[in-house]
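Following: one structure in structure tokens, then a few remarks.
In what follows, chains are A, B, ... by sequence order, proteins preceding strands, each numbered from 1. What you see is a predicted model; the values in this text were computed from it and never measured.
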There are 2 protein chains.
Amino acid sequence: MNRERVLEAAVTLADEIGIDALSMRRLAQELGVVPMALYKHVADKEDLLDGMVEDIVREIDPPALDTGWQDAIRRRVLSARSALQRHRWARQAIESRIKPTPAVLEYQDSFAGIFLAGGFTPDLAHHVMHALGGRMWGFTQELFDGSANPKADAQPLASPDAQAELFAHMAALYPNIVTIARATPHDNDSVVGRGCDDQFEFEFALDLLLDGFEQLHRRGWTSAR
Amino acid sequence: MNRERVLEAAVTLADEIGIDALSMRRLAQELGVVPMALYKHVADKEDLLDGMVEDIVREIDPPALDTGWQDAIRRRVLSARSALQRHRWARQAIESRIKPTPAVLEYQDSFAGIFLAGGFTPDLAHHVMHALGGRMWGFTQELFDGSANPKADAQPLASPDAQAELFAHMAALYPNIVTIARATPHDNDSVVGRGCDDQFEFEFALDLLLDGFEQLHRRGWTSAR
DNA sequence: GGAATGAAGTGTACGACGTACGCCTCTTCG
DNA sequence: CGAAGAGGCGTACGTCGTACACTTCATTCC
């Protein structure tokens, strides 16, 4: 057993039971070993999580070299997104990290490299990377997306009557939300439920930003310091 | 003692010691009461956190009525931002919520209302709200901003020699990051440290998005469904 | 060949944590 | 006055991360 095996087991275990249910004890059990044995390969739980994030980041495709910056960024981000979708816990794990680790720095560096190679000034490259924010990692901050949390199972689905009443209630309290919800295809049954196409929303915002970047770039934008 | 007092105490305690250090036991102690007493006013810890988030959301200014949508949104978002800056733990707390609560729904509803009143179709309003994502709450997903975590104190600050060596090391491994870091004013001493003006970055991205929204709106953009 | 070394795994134990469950002590009201 | 219910208390259980001291056991060096 070595660090690699521990991290690998942790990743697949987190895939199965979620990051909150992942404990040192549970992981040790999975590896057929006593809990304290893990500490020979991992400094503490924080270090374990750091390592897990590193593993995920390394799953992201390297940047494409044969295209313009805009396409390269776009592809890279979408690759990151698909990695994060293979491991639903990863968003939360990434957000909880406090110190950058080598793989993460490397990722950010190559990201910066794409912009610089595309002719961006370091100044502009800096700001656009901030603007991308979490989107650089393939996620937006979606509030209340139960998908990340396994215990957000679909509840028993109330009777049609109760559902109609709930709807009326919502419409009275939150008319604008209901207006918007009505305008979106509701494959799902609930009013508040996610009838949204996450991928579409993600690309919508991403492209909006990328186009904005392109305009600033063309205009030779610079921060007035 | 009542729910209100409990929530209020929880909020100020979290302001002081951070959200991770906030335990039911610690909170009870602060209120001069035995831990189990809290459970008469709060269903469980999740409920406590829900309530705390509600309190914070209610601190956000109501929308301005005498301006265009763009200004109204901008002001509201910046108001949310300042609320979240008064309570550093709030971002993490918000992100950890799983079910929307009334104050949160109300906030989102009034947000939607601004777009709709500004002439946005429900379709476009829907997508732009997704695009704002966490920015609607006044934060971007800043990775590794130790500010949220009190234990990320400035470390002893290595000797100039060691610092130069670290710098050379960074430059070798992460040339692009260093290039960018060099181009930004480094009030701070560390290479990786935050020499960034968070407020500027936030508004940069916000305005980029708002301008993008405006263009889509003018062009009568609609999702091709 | 035998002792020293060090890495890998074990066992026990401690101090947190959230909270179930039952009890007590008031206030309120008929 | 007596019943009821609300608010606070005490104890206890199971879980967590991990400190610390121990046993193995393979490798290395004389």
Side-chain angles (χ1 to χ4, degrees), chain A residues 1-55 89 92-99 101 148-152, chain B residues 1-55 89 92-99 101 148-152:
Chain A
M1 195 170 32
N2 51 20
R3 184 172 226 264
E4 228 169 281
R5 258 197 30 79
V6 170
L7 293 181
E8 189 183 309
V11 165
T12 73
L13 183 56
D15 286 346
E16 286 167 20
I17 67 176
I19 196 77
D20 289 334
L22 178 84
S23 69
M24 299 300 278
R25 297 169 125 103
R26 181 86 172 71
L27 174 58
Q29 177 189 335
E30 207 74 9
L31 287 163
V33 104
V34 92
M36 287 311 292
L38 299 177
Y39 287 83
K40 295 293 177 192
H41 309 283
V42 149
D44 52 19
K45 198 178 183 184
E46 285 293 291
D47 186 37
L48 175 77
L49 290 172
D50 279 345
M52 292 169 69
V53 168
E54 293 256 305
D55 273 11
W89 48 271
Q92 187 183 333
I94 288 177
E95 287 174 353
S96 74
R97 296 308 79 210
I98 259 164
K99 288 282 170 198
T101 48
N149 197 309
K151 74 182 150 208
Chain B
M1 194 168 33
N2 52 21
R3 183 173 227 262
E4 228 169 280
R5 262 203 21 84
V6 170
L7 293 181
E8 190 184 308
V11 165
T12 73
L13 184 55
D15 285 346
E16 287 167 19
I17 65 175
I19 197 75
D20 289 335
L22 179 82
S23 69
M24 299 300 278
R25 296 168 125 102
R26 183 85 173 71
L27 174 57
Q29 177 188 335
E30 206 74 10
L31 286 163
V33 106
V34 93
M36 287 312 291
L38 299 176
Y39 287 84
K40 297 290 179 187
H41 308 283
V42 149
D44 53 17
K45 197 178 185 183
E46 286 293 292
D47 186 36
L48 176 76
L49 291 172
D50 279 344
M52 292 170 69
V53 167
E54 292 257 304
D55 273 10
W89 47 271
Q92 187 182 335
I94 287 177
E95 287 174 355
S96 75
R97 295 310 76 209
I98 260 164
K99 288 283 172 196
T101 49
N149 197 308
K151 74 182 151 212

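Contact detail for B:Leu22 and B:Lys45: the closest heavy-atom pair is O-NZ, 2.9 Å. Across every non-hydrogen atom of B:Trp89 and B:Asp15, the tightest pair is NE1-OD1, 2.6 Å.
Atom CE in B:Met24 sits roughly 14 Å away from atom C1' in D:dG8 (whole-Å rounding). Rounded to whole Å, the distance from CG on B:Leu49 to C1' on C:dG18 is 12 Å. The CZ atom of A:Arg26 sits 17 Å away from the C1' atom of D:dG17 (whole-angstrom rounding). For the pair A:Arg25 CZ and C:dA13 P, the computed distance is 13 Å after rounding to whole Å. At whole-Å resolution of the value, CG in B:Leu27 and C1' in C:dA16 are 16 Å apart. Taking atom CG on B:Leu38 and atom P on C:dC17, their separation rounds to 13 Å, with Å as the unit. In this structure, CG of B:Asn2 is placed 9 Å from P of D:dG8, rounded to the nearest angstrom. As a whole-Å value, the separation of A:Met36 CE from D:dT24 P is 18 Å.
Considering only side-chain atoms of B:Ser23, the nucleotide from D:dC9, C:dT10, C:dG18 that sits closest is C:dG18. Closest approach to the A:Asp44 side chain among C:dT10, D:dT18, C:dA20 is made by D:dT18 (side chain taken as heavy atoms from C-beta onward). When distances run from any side-chain atom of B:Lys45 to the nucleotides C:dG11, D:dG17, C:dT19, the shortest one goes to C:dT19. Nearest to the side chain of A:Tyr39, among C:dT10, C:dT19, D:dG17, sits D:dG17. For B:Ala37, whose side chain is taken as the heavy atoms from C-beta onward, the closest listed nucleotide among D:dG17, C:dG18, D:dG8 is D:dG8. The listed nucleotides are D:dT18, C:dG9, D:dG10; the one nearest the side chain of A:Met1 is C:dG9.
B:Val34 comes within 4.0 angstrom of a nucleotide base, judged by non-hydrogen atoms across all strands.
B:Ser23 is linked by a side chain to side chain contact (heavy atoms under 4.5 Å, CB included) to B:Arg25, B:Arg26, counting only residues two or more places apart in sequence or in another chain.
Look at A:His41 and you'll find a side-chain N or O under 4.0 angstrom from OP1 or OP2 of C:dG9.
Within 6.0 Å of atom CZ in A:Arg5, 12 or fewer heavy atoms from other residues, nucleotides or ligands are found, so the atom counts as exposed in its surroundings.
Exactly one residue among A:Val11, A:Val33, A:Val42 makes a side-chain contact (heavy atoms from CB on, under 4.5 Å) with A:Val6. That residue is A:Val42.
Counting atom types as modelled, B:Lys40 pairs a side-chain N or O with a base atom of D:dG8 as donor and acceptor under 3.5 Å.
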